[in-house]
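Have a look at the structure below, then the notes.
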2 protein chains.
Amino acid sequence: MRLLIAEDDKLHRSFLERLVRHTFDGLEELTLTSDGAGAIEAFRSGKYDCVLLDLQMPKITGVDVAKTIWAKAPTTKILFWSNYTEEAYVRGITKIVPDAAVYGYILKSAPDEQLKLALQGVFVAEQCVIDREVRGVQRRADNRLSGLSELEFEALADLCLGLTDKAMAARRNVSLRSAQSRLQSLYQKLGLDKDDIPSGEWGASFNSRTRAISLALTQGILNADALRREEEKLQAWMSRSSA
Amino acid sequence: MRLLIAEDDKLHRSFLERLVRHTFDGLEELTLTSDGAGAIEAFRSGKYDCVLLDLQMPKITGVDVAKTIWAKAPTTKILFWSNYTEEAYVRGITKIVPDAAVYGYILKSAPDEQLKLALQGVFVAEQCVIDREVRGVQRRADNRLSGLSELEFEALADLCLGLTDKAMAARRNVSLRSAQSRLQSLYQKLGLDKDDIPSGEWGASFNSRTRAISLALTQGILNADALRREEEKLQAWMSRSSA
DNA sequence: AACGGTATTGCGGGTTCCCGCAAGTTCCCT
DNA sequence: AGGGAACTTGCGGGAACCCGCAATACCGTT
């Protein structure tokens with residue numbers, strides 16, 4: 001087994017190193033990196049068949065790293081190790097995992113024993129090991145009823161970036177009315193009609209547009225990181241389209 | 001010295017314990033807790049004169065804990081230990097620190113040596129020790145030019161919660177026009193006029209209202225945590241005002 | 001081939017928002 | 001007292017947004 005680890009927190013990193021060395025005897029290779037760029041760089045050598053990734057890293061996240069790795073070597077076994085079950089990440093992962101790939105998702109809050117099991121499950125037994133809580137989020141994201149469709153998610157992204165209806169229409173190549181339609185169904189999915197707060201006079205006290213962002217954030221559908229990434233995509237599109 | 005530590009990450013917690021025990025010999029008392037509620041609970045005993053706090057904790061943050069502690073014992077020495085220099089936190093702290101209090105703010109990314117110095121500086125020498133990066137954010141927040149006034153911050157909060165102009169006016173007890181004025185000056189401070197993106201045809205492609213949220217988030221003026229807290233305040237206000 | 005589900009698009013009207021102009025207030029500083 | 005900065009408030013218009021109604025199109029199923 002040839003293992004690559006990417007984790008920005010130094011305490012967590014050394015913890016992982018100790019645990020991994022203790023769990024696996026026949027470790028042919030073990031490299032530790034502290035950011036996404038370093039991980040991708042290290043992976044270039046082609047030495048590794050197993051990767052352990054922290055999701056939240058500055059600049060390049062674990063999801064980005066996984067994407068690059070799987071693009072080059074789709075059978076690489078990857079275990080994600082993260083703080084929370086942020087839907088923004090989970091959604092990102094299920095979208096990029098190749099059919100053949102083995103992967104796992106475990107929370108940092110899990111006891112050491114579970115982490116150990118996940119390590120062996122994914123890297124040795126080649127099983128997919130998904131933490132129960134994460135599994136729940138995943139199911140919700142797939143479910144058409146409470147989850148957002150791809151189109152609605154795009155609309156949410158554009159909305160959170162602060163685009164106008166017109167700009168959304170231009171970006172997505174649809175009519176103005178369509179962009180607005182997508183927003184409407186987004187609002188509905190987020191529960192913006194029969195909104196909480198049934199208390200009398202404050203019925204119309206929410207602005208759908210901004211309230212949608214608020215809800216998306218508190219529900220973890222989007223987070224500041226994801227936003228920054230979307231911002232970059234937007235910038236790229238804008239320079240491309242004006243050229 | 002009687003020290004109380006609150007830190008939710010178990011690795012960081014045990015690291016702190018080791019470091020603290022190694023730094024201070026004459027430690028009369030040392031307690032570790034893993035969340036804000038536990039810290040407040042433990043502090044009730046009145047045994048502690050020094051506290052080491054992680055800022056980001058679920059439910060009750062380090063800022064909340066500090067507030068409660070200082071309300072009861074304003075001379076308690078507190079050292080904040082946190083991941084980032086989130087303006088939302090820094091702003092919160094400078095607002096609640098009593099005149100007489102000694103406190104410090106150090107980043108988790110700092111080398112052990114600096115943390116050790118901060119521990120001794122704050123708890124023994126009774127100096128205020130503020131990390132250089134944090135200091136920068138602090139200054140920016142105090143600076144009228146780039147920082148937000150209290151009123152503008154309120155407007156931002158309301159905006160991010162998804163309130164309409166009318167609702168903001170009602171909540172803050174001002175006229176509709178005033179609420180809008182506050183928004184305008186907020187937009188200006190956030191740089192929503194001479195916005196980035198000078199690229200030709202996309203001049204009016206941003207919706208001020210939502211773009212403001214986007215900027216606030218990416219600039220770290222607000223984060224998901226802070227938002228959740230504001231949401232609670234809002235709920236409280238709504239039930240109070242309808243009663 | 002008929003059919004429900006999903007998405008796109010136009011139209012039109014009511015609402016909300018953005019903001020320039022201008023007058024008034026409060027408070028602090030010299 | 002006077003000057004000034006920050007804040008409030010009204011008015012009014014132009015732009016943006018929300019959304020119901022309705023026609024059309026595409027797709028996989030039966």
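Computation of the quantities below employed the complete heavy-atom set of this structure, encompassing side-chain atoms and omitting hydrogens, waters and symmetry-equivalent molecules. Naming convention: chains lettered A, B, ... in sequence-line order (proteins, then strands); numbering from 1 in each chain.
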Subject >> Test item: Arg211(A) side-chain N/O and Leu161(B) main-chain N/O as donor-acceptor pair under 3.5 Å >> reply: yes
Original post:
Roughly, in whole Å, what's the span from CG in Leu183(A) to P in dA7(C)?
Top reply: 14 Å
Original post:
Please give, in whole Å, the distance from dC18(D) C1' to Arg209(B) CZ?
Top reply: 14 Å
Original post:
Out of dT9(D), dC18(C), dC18(D), which has the shortest distance to the side chain of Val174(B)?
Top reply: dT9(D)
Original post:
Has Ser185(A) got a side-chain N or O lying under 4.0 Å from the OP1 or OP2 atom of dA7(C)?
Top reply: no
Original post:
Any salt bridge between Lys59(B) and Asp64(B), counting N to O under 4.0 Å?
Top reply: no
Original post:
How long is the line joining OH of Tyr187(B) and P of dC19(C), in whole Å?
Top reply: 7 Å
Original post:
Does any donor-acceptor pair link the side chain of Arg177(B) with the base of dG24(C) at a separation under 3.5 Å?
Top reply: no
Subject >> side-chain N/O Asn207(A) vs dC17(D) OP1/OP2, d < 4.0 Å >> reply: no
Original post:
dC17(D), dC19(C), dT9(C): which one has an atom nearest the side-chain heavy atoms of Ser178(A)?
Top reply: dT9(C)
Original post:
Excluding sequence neighbours, so at least two apart, what forms side-chain hydrogen bond (donor to acceptor under 3.5 Å, both in side chains) with Arg229(B)?
Top reply: none
Original post:
Roughly, in whole Å, what's the span from CD in Gln180(A) to P in dT8(C)?
Top reply: 13 Å
Original post:
Can you find a side-chain donor-acceptor pair between Gln188(B) and Gln184(B) that sits under 3.5 Å?
Top reply: no
Subject >> Upstream residue (5' side of DNA chain D) when Gln184(A) and Arg182(B) are each assigned their closest nucleotide >> reply: Arg182(B)
Atom pairs and distances, side-chain donor-acceptor, residues 72-81 of chain A, under 3.5 Å, sequence neighbours left out:
unit_1, atom_1, unit_2, atom_2, d
Thr76(A), OG1, Ala73(A), O, 2.7
Lys77(A), NZ, Phe123(A), O, 3.2
Lys77(A), NZ, Glu126(A), OE2, 3.1

**OP:** Would you kindly give the CE-to-C1' distance between Met168(B) and dT9(D), to the nearest whole Å?
**Re:** 17 Å
Original post:
Where the side chain of Asp165(A) is defined as all heavy atoms beyond and including C-beta, which of dT9(D), dC18(D), dT8(C) is the nearest nucleotide?
Top reply: dC18(D)
Original post:
Which of these nucleotides, dC19(D), dC17(C), dA7(C), is closest to any side-chain atom of Leu151(A)?
Top reply: dA7(C)
**OP:** Check whether the side chains of Arg182(A) and Ser178(A) place a donor and an acceptor atom closer than 3.5 Å, and report yes or no.
**Re:** no
Subject >> Rounded interatomic separation in angstrom, taking CD from Glu152(A) and C1' from dG5(C) >> reply: 14 Å
Subject >> Axis-to-axis angle between the two ends of the helix from dA1(C)-dT30(D) to dA22(C)-dT9(D) (five base pairs per end, rounded to 10 degrees) >> reply: 30°
**OP:** Provide, to the nearest angstrom, the distance between the CZ atom belonging to Arg211(B) and the C1' atom belonging to dA15(D).
**Re:** 20 Å
Original post:
If you measure from the Lys or Arg side-chain nitrogens to the Asp or Glu carboxylate oxygens, is any gap between Arg209(B) and Asp165(B) under 4.0 Å?
Top reply: yes
**OP:** Could you state the atom-to-atom distance from CG of Leu159(A) to P of dA16(D) in whole Å?
**Re:** 16 Å
Original post:
If you look at every strand shown and take non-hydrogen atoms under 4.0 Å, does Ser181(B) touch a base, only sugar-phosphate, or nothing?
Top reply: base
